[in-house]
Every structure is written in structure tokens, then in C-alpha cells.
Amino acid sequence: MAKTAAKNDAKAPAKSKSGKAAKAARQRSEIDDVITLAVCVACTIWAFKIIVDLGVLSF
């Protein structure tokens with residue numbers, strides 16, 4: 001009897017604290033990965049430029 005209850009609980013959708021069914025996680029597409037990579041590269045370049053500019057100011 002406990003096994004049946006455990007199986008039913010596992011099949012039931014997850015619920016949030018408010019009692020509503022939780023949304024399933026969306027699969028990431030390739031465009032999401034490309035956008036993330038572009039943002040990371042842009043931030044790295046921006047940070048490198050800031051560090052170089054601050055280094056120039058110290059001399």
C-alpha cells in the first residue's frame with residue numbers, strides 16, 4: 001500500500017508553496033547558448049578595457 005502511494009506521489013506534478021502546479025523547465029535552444037556566449041564575451045571585453053583604462057590612470 002505504501003508503494004502505491006509513493007508511485008502516485010512521484011507521478012503527480014510538483015506544486016509550489018501557493019498550491020499551484022510548478023512550471024516545467026524549458027529546454028535551452030542553441031540560440032540561447034549563442035546569446036549567453038555573446039554576453040559573456042562582451043562583458044569580458046568591457047571589463048578588460050576598464051582594467052586597462054584604470055591601469056593607465058595610475059601612471
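Below, each value reflects all heavy atoms present in this structure, side chains not excepted, and no hydrogens, waters or symmetry copies.
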Next on the checklist: Let me check something: do Ile45 and Leu37 share a hydrophobic cluster, defined by ILVMFWY side-chain heavy atoms less than 4.5 Å apart, either directly or through other members?
Outcome noted: yes

Checklist entry - Are Trp46 and Leu57 grouped together when hydrophobic residues (ILVMFWY) are joined by side-chain heavy atoms under 4.5 angstrom apart? => result yes

Checklist entry - Short question: side chain of Asp32, backbone of Ser29 - any donor-acceptor pair under 3.5 Å? => result yes

